[in-house]
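Here is the structure we will look at, set down as structure tokens.
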Amino acid sequence: MKTKATFILSIIAAGLIIISSCEKEGENETKISTATSDDSHNNGQDCMSCHKQGGDGEGWFTAAGSVYNTTGGSVYFYSGINGTGELKKEVEIDKKGNFYTTENFEVSGLYPQVISSNGDTLYMSQSLTGGSCNSCHGSSQAKITF
């Protein structure tokens, strides 16, 4: 009797381990920063090192990064340099200075414009090759700072 109960508990435990270890794999939760949210974390770190398919983060970010010395504002992704061309996406900066989105759009070839909560504006003069902004800004490039 004890052996049968132990066997059943072992099967249940194994099932729970399999279910919990696969919980995030293959899952892409919708995560989009807003000016009123403060759910983000790890300011300045490469968000997309975790928030990617197969990563530990909830949601697979298309674009993400950090902006310093502002809370609020937005990051705009244009088809032309210096805020010209077609606006492809706007992503709000949250209360902790982070921005992120899981919305599907083609980031490569776009030009970001950042407008702080007080209206200051920064432009990136080169087109993007990806949306992982903190993989360069804060390491090989200057932080995005107002």
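Note that the structure is predicted; figures quoted are calculated from it, not measured.
- Summarising the geometry of Thr102 relative to Glu29, their closest heavy-atom pair is CG2-O, 3.4 Å, with the distance given to 0.1 Å.
- Taking the side chain as every heavy atom from C-beta outward, Ile93 and Ser74 never approach each other to under 4.5 Å.
- Legend: salt bridge (Lys or Arg N to Asp or Glu O under 4.0 Å) pairs involving residues 61-90, not counting sequence neighbours, sorted by first then second residue: Glu86-Lys88, Lys89-Glu103.
- Following chains of ILVMFWY side-chain contacts shorter than 4.5 Å, one can reach Leu128 starting from Val114, so the two form part of one hydrophobic cluster.
- Here the closest non-hydrogen pair linking Thr145 and Leu122 is O-CD1, 3.6 Å.
- Every side-chain hydrogen bond (donor to acceptor under 3.5 Å, both in side chains) that Thr70 has, sequence neighbours left out, goes to Ser117.
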**Item:** Test log, rule side chain to side chain donor-acceptor pair (under 3.5 Å), inputs Asn82 and Thr84
**Value:** CA-CA 6 Å; Asn82 294 336; Thr84 63; over 6 Å; no
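- Under the rule for a side-chain hydrogen bond (donor to acceptor under 3.5 Å, both in side chains), the partners of Ser40 that lie at least two apart in sequence or sit in another chain are Asp94, Asn98.
- Screening residues 64-75 for salt bridge (Lys or Arg N to Asp or Glu O under 4.0 Å), with sequence neighbours left out, gives no hits.
- Listed by chain and number, the residues in a side-chain hydrogen bond (donor to acceptor under 3.5 Å, both in side chains) with Ser79 amount to none (sequence neighbours excluded).
- Applying the side chain to side chain contact (heavy atoms under 4.5 Å, CB included) criterion to Asn42, with sequence neighbours excluded, gives Gln45.
- The side-chain hydrogen bond (donor to acceptor under 3.5 Å, both in side chains) check on Gln113 picks up Tyr123, with sequence neighbours excluded.
- Checked by atom type, the side-chain pair Asp39/Ser37 shows no donor-acceptor distance below 3.5 Å.
- Considering all non-hydrogen atoms of both residues, His51 and Glu58 come closest at ND1-O, 2.9 Å.
- Scanning both residues, Asn43 and Tyr68, for their nearest heavy atoms gives OD1-CE2, 3.2 Å.
- With sequence neighbours excluded, the residues forming a ring pair (Phe, Tyr, Trp, His ring centres under 6.0 Å) with Tyr100 are Phe61, listed by chain and number.
- Taken to the nearest 0.5 Å, the NZ atom of Lys52 stands 14.0 Å off from the CG atom of Asn28.
- Cluster annotation: Val107 is connected to Ile144 through the hydrophobic network of ILVMFWY side chains, with a link wherever side-chain heavy atoms come within less than 4.5 Å.
- Ile115 is not connected to Val67 by any chain of hydrophobic side-chain contacts under 4.5 Å among Ile, Leu, Val, Met, Phe, Trp and Tyr, and they are in different clusters.
- Residues meeting the side chain to side chain contact (heavy atoms under 4.5 Å, CB included) test with Tyr111, sequence neighbours left out: Ile81, Ser127.
- Closest heavy-atom contact between Ser66 and Asn134: OG-ND2, 3.0 Å.
- In this structure, His137 contributes its side chain and Ala142 its backbone to a donor-acceptor pair below 3.5 Å.
- Not counting sequence neighbours, the partners of Ser49 by the side chain to side chain contact (heavy atoms under 4.5 Å, CB included) test are Asp46.
- Applying the side chain to side chain contact (heavy atoms under 4.5 Å, CB included) rule to Cys136 yields the partners Ser140, Gln141; only residues at least two apart in sequence or on another chain are considered.
- Every ring pair (Phe, Tyr, Trp, His ring centres under 6.0 Å) that Phe77 has, sequence neighbours left out, goes to Phe105.
- Cys133 approaches Phe99 most closely through the heavy-atom pair SG-CZ, 3.7 Å.
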